[in-house]
Amino acid sequence: MAGKGFTVKKNWDNPREHEMPAGTRVPAEMRLGSVLVSPATVLAPMAGVTDTVFRRFIRHASLFSRQPSSAGGIELVSQVSDSRPGAPSELEIDAAVTNAQSGCGLLMTEFTSADGLSRMRESKRRRYLTFDDDEHPIGAQLFGSNAETLADAARIVQDAGFDLIDLNLGCPAKRVVGCNGGSGLLRDLPKIGEIFRAIRSAVTIPFTVKFRMGWNDEQIVCVELARMAEAEGLNGLALHARTREQGYSGQAQWEWIAAVKQAVGIPVTGNGDIRTPEDAAAMVAQTGCDGVMIGRAAPANPWIFRQIAQYTATGSYERPTVEDRYRLIRTYFQMLLAEAEASQALPNHPNNKDPLWGTPVKAARMGETAGKMKQFASWFTHGVPGGAKLRAAIYQVRTGAEVLGQVDAFFLAQQETGSTLGSEEEPGDASGFPETALVCD
Ligand SMILES: Cc1cc2nc3c(=O)[nH]c(=O)nc-3n(C[C@H](O)[C@H](O)[C@H](O)COP(=O)(O)O)c2cc1C
């Protein structure tokens, strides 16, 4: 659904290192209208990444159990490092998981065109609006520029059973901005007001907006926009603290999250450059935001939500071992393949036009499944010793089976040499991977 033509970097420019702030933690919960986000952490919408498989993967990877500790507090039962033979799989993906058990409080779909949604056939719609029961609470993100079309699409989203609708006012992609969608609308606040009113009166479920600070440094509108959102009855907002012109460069300017928080009474979710639990707590400490939204760190470190929850409860968090990483990437790939197989088995499955793992396949779907595996392997092995070589090898292969073969070989070699992860990658990343071809923000 998302248009092509914008490129984002999957890494951060000169990331700031944050100390864990004394006494501040990511809040235990935030309420977006009737939706309880607990803990107050949100998986950011990411086109090409946050499909139903990835969202479920993150929710399961974020699992933790609260048990009364001997000290009378809360103890988190780790599932990270139990790699003994016969030990239960870390991610029981068939088990029902809710945000009551997961460190990730809210999932979001990638952005979806309101125009496309209101015009497409029912069967095709399902492909974009597919989610599993255990993804609740889940929000669907829409983009567009026509108020009535957006209102129609919002009704469709509500009827599909989503818990919340989010409007995208951040996407910098030329194709989206060219039609006045995404961050293009940041230059036309009256139009945004019209859209807010149309969507608000079309649905009863909570309605939020995700936006950038403004078009450029000369036109910062985030505080005004936040006040409008509150006045029009929106239930919350999320600010990616960059301008459209900034793209993904430089630092997110968290001071604008603080300014927005001071301006409104509805919950404010801060977004931009959270890579670690320390960053998440530092953002809360510096801005007073009610919740945090995490994008690029999620595919690079799918444990981040659990680590935040663990940190919040105990003041420290676990780091994954090589075995943990290997198990996690295999789990995700198996989920992708299972989804592909399911789509092959069902003649009316929304993906059934696409080729599948290990079977004679049509080009588009094979590209999609193998492409997702490549993309994930690429994000997931940044910062891992030898990761650049793996990415270079993966770039050469075509099928999901071959990607998995490369990953198996890589991690088995790591285990044999007893490598520990977490140290810096060798300089000069020769991965050959293009920067993530992106669509949106
Ligand atoms: C691959 C990718 C796809 C994205 N797609 C969307 C999207 O569909 N909608 C949206 O609002 N933001 C999108 N974004 C922006 C993220 O939601 C988030 O605002 C941004 O990455 C900054 O957060 P981070 O520093 O935690 O990554 C995307 C970002 C990336 C990296």
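Ligands are counted one by one from 1 in listed order, and the atoms in each one are counted from 1 as well. Below, all heavy atoms of this structure are taken into account, side chains as well, without hydrogens, waters or symmetry copies.
Residue M293 places no N or O, backbone or side chain, under 3.5 Å from any N or O of ligand 1. Among the atoms of G295, some N or O lies under 3.5 angstrom from an N or O of ligand 1. Any N or O atom pair closer than 3.5 Å counts here, and A47 shares at least one such pair with ligand 1. For ligand 1, the polar-atom distance check finds an N/O of N271 within less than 3.5 Å of one of the ligand's N/O atoms. Polar contact with ligand 1: absent for A297 (N/O pair, distance under 3.5 Å). Geometrically, ligand 1 and R242 share no nitrogen or oxygen pair separated by less than 3.5 Å.
With ligand atoms numbered from 1 in the order given, ligand 1 contributes 24 (P), 25 (O) to contacts under 4.0 Å with heavy atoms of D273. Listed by number with element, the atoms of ligand 1 under 4.0 Å from a non-hydrogen atom of H240 are 19 (O), 20 (C), 22 (C). Heavy-atom proximity to A44, at under 4.0 Å, picks out these atoms of ligand 1: 17 (O). Taking a cut-off of under 4.0 Å to the non-hydrogen atoms of K210, the atoms of ligand 1 that pass are 10 (C), 11 (O), 12 (N), 15 (C), 16 (C), 17 (O), 18 (C), 19 (O).
For the pair R212 and Y248, the cation-pi test (distance below 6.0 Å, angle within 45°) is passed. Judged by the 6.0 Å distance and 45° axis criteria, R325 is positioned over the aromatic ring of F380.
The closest side-chain donor-acceptor pair between D152 and T149, if any, does not fall under 3.5 angstrom.
Under the 4.0 angstrom criterion for non-hydrogen atoms, F143 is not in contact with ligand 1. Ligand 1 has G272 within reach: a non-hydrogen atom of the residue lies less than 4.0 Å from it.
Here the rule is side chain to side chain contact (heavy atoms under 4.5 Å, CB included) with F162, and of V157, I156, V203 only V157 fits it. With N301 as the partner, the side chain to side chain contact (heavy atoms under 4.5 Å, CB included) test is satisfied by one option alone out of R319, R306, R296, Q307: Q307.
Side-chain contact check for L107 versus F131: every heavy-atom pair is 4.5 Å or farther apart.
Under the 30°/60° scheme for interplanar angles, the aromatic rings of F376 and Y332 are found to be tilted.
Using a cut-off of 4.0 Å between Lys/Arg side-chain N and Asp/Glu carboxylate O, R200 and E232 are scored as not salt-bridged.
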